Every structure is written in structure tokens, then in C-alpha cells.
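A short write-up of the structure that comes next.
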Amino acid sequence: MKRFGNFVVKARHIILIISVLLLIPAAIGYFNTRVNYDLLYYLPDGIDTMDGQEILMDDFGSGAFGILLVENMDDRHVSELKGKIEGVEHVKNVLWYDSVADISIPKSMLPKKVYEAFNTEDSTIMMVIFDDTSSGDGTMEAIEKIRTVTDHQCKVSGISAIVTDTKNLSEHETPIYVGIAVVISVLILALLMDSWAIPIFFLLSIGMAIVYNLGSNFVVGEISYVTKALAAVLQLAVTMDYSIFLWHSYEENLEKNPEDRNAAMADAITSTISSVVGSSVTTVAGFIALCFMSFTLGMDLGVVMAKGVVLGVISCVTILPSMILVFHKILEKTRHRQLMPDFKRIPKFITKHYVVFVILFLVLLAPAVFGNNHTKVYYDLSQSLPENLECVQAQKTISEKYHLGSANIVLLDADTPKKTVKKMMDEIKQIDGVDTALGLESVLDESIPDSFIPKQLTSNFRTEKHEMFIFMSAYKTGSDEANRQCNAVEKIIKKYSPDGMLVGEAACTRDLIEITNKDFQTVSFVSIFLILIIIALVFRSISIPVILVALIEFGIFVNMGIPYYTNTTLPFIASIVIGTIQLGATVDYAILMTNRYKLERNLGKAKKEAARDALAVSMKSVIVSALTFFGATFGVGIYSSIDMISSLCLLMARGAIISMLCVICILPAFFILFDKLIVAGSYKFLKNQ
């Protein structure tokens, strides 16, 4: 390690030149990495809903559909509007009631259910079928074009409209997220560090690592919008510790050898590598745990963030030292008195009254666990968006006027007998919340003569291999009623056609709920297991890992329990990933203090004195680290209008503060209380044992 430190110091100018040049291919990769805005896309392959999507695309040439609402327009003008929409690229077809019969036919001759499915007194709805997937670029372009060519006379609803508006909002806000995180982090660090300029160099080196990370995603092909929005902010928050440690180590070595900056930095790099590698491994392990999710958004976020932490460590021991040495004159000129106090009284108070903090832990444990287990989550993706967006307004209006929560597709083999399909449709119509079912059989057996049925209608519902029909649900996607309805419909489908499939947003969301509930348990187990193993190896102990992880898990329970008591409903993804992120990112605070406690005990100090001194030495670092994490995420959480991003960032910000308080207030108490267990359960915890 000493050789590596000397190499970095000698090659500092070359390292800076190479690091700047590498930004060029990284930027090219970043701008050419596709972003996926459809979270349902990350459901695992092999389930009916996903297989059905592929059949729709391959066999029917359509992978997405949307509902269009037109208000206060007569039938003739609606028909003209429909023609405009059909002319939009990537629109395969538009289904309205004139797709079933000519609009010149008196409405009294139409089946009542067919007419009411498309009309109210002052409005009508159409179903637009696209020739691309629900999150495909072609579909999103078509929705934007529809809004343009119709002068926003119609409102577009459905998952594709949600994806389109999410994309527009996310692309607008993501650069602002980074700006907010940078500004707040600089302000916090400028006040807490001893140089006004050093935070800028921290952020420059971390910023380069972020660009490398996001640029390298080009190899993967695409990332989710959640990953894109959070990656920079999260990487900044979790890797800032490494830069702070390097700077403090450099200053300590410089005090010992003020005449030789290069030697001081070489020693600082050596010291940082040995300390940061162990710390970063726990953070990486937390993100790797996300890769064990069946819902592959976890792998998307986990891989990018694990890669970001590794690149952050590399940047910290190469680019940052080079910057500090090259621009040392600027750093010297901008030095100021450190504004953070020494906190001499707090460690004495905490260790003196350690029993109080143990009791506080026990008192809060039960309500924290209860709140964590009963916090409500939502799965309706539109609920994550602001109410003033077009897709949300459309969904709300359609729900109110047509009692329509979602449109769903039933896929069957083409050779399924017509009588069987008719029986299936009739049974599905009897299920609570199913307003109507539309398909060839729902029209052919009614009073409309066959000659009135356009040939185009047949091709929309039947191919050589498959037949489909659509049923309208009154229930909101993601609700318990919608999930029960999907299960009931699926049961009927399988009874008549074992190969039949239920496809659509409601069914996908039902699967999402079932899969992510299992994922939550898997991710929690894997992250805890991995971090237990890592800490056990670092400290060669079986007792220390249990104490540290239990403490941080307690902090997670408190963090996730608060929404229950404030009656806040969280987006589903927050409940899955926040525990892993908080565990991986903040267990470092506990490891730092435990290392110091071990050192103090090895110096011959009694357990209470060692706990006090360990807290006194570590407290500043823990506070600076936690406040930086808080600053980088809190501002984004307050600003973001996408609840998926806002909730995650606010939870991370609050989690950093809660974990900080747990480590400062409760961990020293645990050291004193469990000292015998720590010593007995660790291999040579004390040198003389």
C-alpha cells in the first residue's frame, strides 16, 4: 500500500490529466444510455402478465394501449378527431364505438353495454392501440404527438401516459437534484471542515467518479429513471466519508512532517486505503443485496450503486490526493478556524448515564417494530406523480365519469370455441367491479348485423394464433379490490382455457405486490447476513456484528415506523430498498466507533472510560458524515415532485440522522453493557487476553 501511495503522489499530474480525459467517453456513454420510465417493466420473466405482453407485441403488433377522454364534442367531430389520432405514427388503431358500428346507426340499435362503455352525456372515450411497448420510445412519442395534433382536446390515461409524463418530469428535475445536493453539501462541509475550498475539491473528485459511473451504464444498455435520479445524489452521500477521512489523515501526517507534503499524502493514502476498503465493503454489500430481488429494479439500482461506491473509493485515493497536492496553495489560503465544537461534555454525560440510553432503546423498540410492520405502502404508479399532470388528471376524470379504474386484456388461443369464449366473458361480467367486456363475441351475438362490423375490428381481436378481449374494471389499480378481481378473473380464465392469460396494468400491479412482498424479506435477510459476515471478519468476532447490526436495524425500524404514526403512505419501492441502503451506508459510523473502542481498551482503559474516549474521538467524524448524507438527500426530498424520489430521499436523510443518534447515544451504552460479551466473543479483542 505504501508503494501505491508513493506512486499516486509522483504521478499526480498524469492522474489529473487522465481523469479529465476519461470524462469524455464517460459523458458520451451517459448521454447514450437509455432510461426506462416504466417500473412494471422490471417484473420477472416467466409470469403470465409478462409473457402476455410479449404475445401482444409479437402476434398482434401492439404492446400498449391508452384511454382517451374527449369532452363536449358531437359524434361527427369526435370521428374526425379519431381520424387525426389514427394518422399519428406508432398508433396502430383507435377503438371507439364507430369501430363496432357506423355512427349513422341510431344509438338505440346499439347494445346498451357497448354504447355506455364509450359514452356519457357530455363525453366519450376511445382506446388507442400502439405498435410499440408501454414504455417504448415510439409509444411515448405518439402520446406527445396526440396531445399536439388534438390541441390537448383529449386527455390520455393509462400506463403509457404515466410513463411519458414521468419521463418529462424526471428529465426536468434530475439536474436540479444534483445541483441541490452539491450546494447543500458544500455549505455543510465548508462550515464543518477547516478550509472553505476543500469541499469543492471533494465534490470535483466525487463528481468525476459519478460521471464515470453513469457513463459506464452504457454497457448495461439502460437504467431506470429511479436509478438515474438517485445515483448521483446517493453516490455523493455515501462516498463523501472517504474524502473526509483522507483529508483528516493528510492533516495529521502533515502535522508530524510539515516539511514534506508528498510523504504526508503518501502515508494518508496508505492509511485511507486500509480503513476505507473495509468500510466501503459493507456499503457495497448493502447494494449487492438489492440484486437478489425478483423485481429487477433492485438489480438495476444495486449494480449501479455498488459500482459507484467502488469508483468513489478509487477516486478518493487517486484523483483527490492529486488535486490536494496540485492545488495546496489554494487550500492553505482558504483555511479557517473549525466551527464544530469539541463535544467534551456529551461523551461524559452519555457514558455516565448509559443505563438511561439502554432503557430508551428498550422503550422505543416495541413501537418502532410495530410501526415498521404496519406502515402503509401504495403501488399505483400515478399516485407518485403530482396531481396537475395530464395523465393524473385524465385518470381522475375517467374514473369519476366512467367508473373506470383500468382496462385489462384476456389472451386466449385462437382455436378456443366461440361458445367457450362467450361463457367466459359472461362469467367475467358477473364479477364485482367489471363494468363490461368487449370482444368479437360481445358484438357478434348482439342485434347488430354482421355486415355492420368492420373487418378491421376482427384483426384487432383475433390473429391466427390468439384471440383477445378487453374488460373494464371500476377498481383502482393496486387496490385490494382490484387484486381480488384479478384473481377471480384469472380463475375463470384457467377454468375454460388453461393456457389463457390475464394482461394489463392491474394484473401487473397485482404481481408486483406479491413479488415485492417476498423481495422485502429476501433483501433484508441477504443484506443483514452479508454485513454480519463482513463485520465478523473485520473484527474477528461473533458478538460485535450482532450488536452493531442490531443497533442499525433498530434505527431502520424507527425510521420506517415514523410514517405509520404520521399516517403517511409510502411508495412500495421505499419500503424495500431503504432498509438496505440505511444499513449499508450508516453501519460505517458504528464500525468507526467500535474500532476506536477496541483501541482504547487495548491501551488498558476500563470499559466506561474507553467508551467515553471512543465517543469523544469519533463523534466529530460521525456528525460530519451524517450531516453530509442528510444534506445531500434532504434538499432533493423536499424539492422533488415525484413521490417515488422524494420519499426515498427524505427517508435516507432521516435515516442518516437517526443512525447518527443511535451510534452516538446508544452504542457507547452497549459497549459498557456488553463489554464482557464483546471481549469473550472476539478473537484477541484485547492484546493481553
Side-chain angles (χ1 to χ4, degrees), residues 1-23 181-212 235-236 239-277 279-280 311-340 342 592 617 620-621 623-625 627-628 631-632:
M1 292 300 178
K2 181 69 172 178
R3 287 183 180 180
F4 179 78
N6 289 327
F7 168 77
V8 170
V9 169
K10 290 178 182 178
R12 56 187 179 273
H13 293 98
I14 296 173
I15 288 172
L16 286 182
I17 292 169
I18 293 173
S19 65
V20 171
L21 292 176
L22 284 175
L23 291 174
V182 166
V183 169
I184 295 178
S185 297
V186 166
L187 289 175
I188 291 174
L189 288 169
L191 292 172
L192 299 181
M193 303 298 287
D194 57 358
S195 168
W196 300 113
I198 192 60
I200 296 173
F201 292 105
F202 285 175
L203 291 168
L204 282 174
S205 64
I206 294 172
M208 287 182 173
I210 290 171
V211 174
Y212 302 152
Q235 188 174 336
L236 170 65
T239 61
M240 182 62 76
D241 295 359
Y242 314 147
S243 301
I244 294 170
F245 188 93
L246 177 90
W247 175 249
H248 284 159
S249 180
Y250 170 64
E251 287 189 309
E252 288 175 12
N253 284 292
L254 197 59
E255 284 182 10
K256 298 174 186 175
N257 188 9
E259 302 300 323
D260 194 344
R261 294 183 180 278
N262 293 346
M265 182 57 76
D267 290 338
I269 293 170
T270 304
S271 175
T272 299
I273 291 174
S274 59
S275 299
V276 162
V277 168
S279 173
S280 63
L311 289 170
V313 172
I314 294 171
S315 174
C316 172
V317 295
T318 56
I319 298 174
L320 181 58
S322 301
M323 286 183 174
I324 291 173
L325 290 176
V326 171
F327 299 103
H328 70 90
K329 290 183 179 179
I330 295 175
L331 294 172
E332 289 300 324
K333 289 179 180 178
T334 57
R335 282 189 178 275
H336 64 81
R337 184 175 61 85
Q338 197 163 2
L339 303 178
M340 186 180 290
D342 289 332
L592 174 68
V617 173
K620 277 187 181 181
S621 298
I623 290 174
V624 171
S625 177
L627 288 181
T628 306

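What you see is a predicted model; the values in this text were computed from it and never measured.
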Evaluate the criterion side-chain contact (heavy atoms from CB on, under 4.5 Å) for residue pair Leu627 and Leu192; output intermediate values, then yes/no. CA-CA 10 Å; Leu627 288 181; Leu192 299 181; 3.9 Å; yes

Roughly how far, to the nearest 0.5 Å, is the CE atom of Met323 from the CG atom of Leu331? 11.0 Å

Can you name the residues that form a ring-ring contact (aromatic ring centres under 6.0 Å, His included) with Phe245, not counting sequence neighbours? none

Non-hydrogen side-chain atoms of Glu251 and His248 separated by less than 4.5 Å: yes

Run the side-chain contact (heavy atoms from CB on, under 4.5 Å) check on Phe202 and Leu320 step by step: do they pass? CA-CA 7 Å; Phe202 285 175; Leu320 181 58; 3.9 Å; yes

Which pair of non-hydrogen atoms, one from Val9 and one from Ala266, has the smallest distance, and what is that distance? CG2-N, 3.8 Å

Considering non-hydrogen atoms only, spot the tightest contact between Tyr242 and Thr272 and give its length. O-CG2, 4.3 Å

Any donor-acceptor N/O pair, Tyr250 side chain to Arg261 backbone, under 3.5 Å: no

Identify the heavy atoms of Thr628 and Ile244 that sit nearest to each other, and give their distance. OG1-CD1, 4.4 Å

Could you tell me whether a side-chain N or O of Ser185 sits under 3.5 Å from a main-chain N or O of Ala181, the two making a donor and an acceptor? yes

Counting heavy atoms not belonging to Ile14, are there more than 12 under 6.0 Å from its CD1? no

A side-chain contact here means heavy atoms from C-beta on lying under 4.5 Å apart; do Ile319 and Ile314 qualify? no

Short question: side chain of Ser315, backbone of Ser205 - any donor-acceptor pair under 3.5 Å? yes

Side-chain heavy atoms of Val317 within contact of Phe4, under 4.5 Å: yes

Could you tell me which non-hydrogen atom of Thr239 sits nearest to which non-hydrogen atom of Gly312, and how far apart they are? CG2-CA, 4.2 Å

Heavy-atom distance under 4.5 Å between the side chains of Asn262 and Arg12, does that happen here? yes

What's the separation between atom CG in Asp267 and atom NZ in Lys256, rounded to the nearest 0.5 Å? 8.0 Å

Of the non-hydrogen atoms in Thr318 and Ile15, which two are nearest, and what is the gap between them? O-CG2, 3.8 Å

Distance, nearest 0.5 Å, that separates OG of Ser625 from CG of Leu592: 8.5 Å

Rounded distance [0.5 Å steps], CE in Met208 versus CG in Leu23: 5.0 Å

Can you confirm whether Thr334 sits close enough to Ile198 that some side-chain heavy atom of one is under 4.5 Å from a side-chain heavy atom of the other? no

For Glu332, look at atom CD and say whether over 12 heavy atoms of other residues, nucleotides or ligands are found less than 6.0 Å away. yes

Just wondering, do Ile269 and Leu246 contact through their side chains at under 4.5 Å, heavy atoms? yes

Show, in sequence, the C-alpha distance, side-chain angles and deciding distance for Met265 and Leu254, and conclude whether the side-chain contact (heavy atoms from CB on, under 4.5 Å) test is met. CA-CA 8 Å; Met265 182 57 76; Leu254 197 59; over 6 Å; no

Can you tell me how far apart CG (Leu189) and CH2 (Trp247) are? Round to the nearest 0.5 Å. 12.0 Å

Gly631 to Ile188 - nearest heavy-atom pair and separation: CA-CD1, 3.7 Å

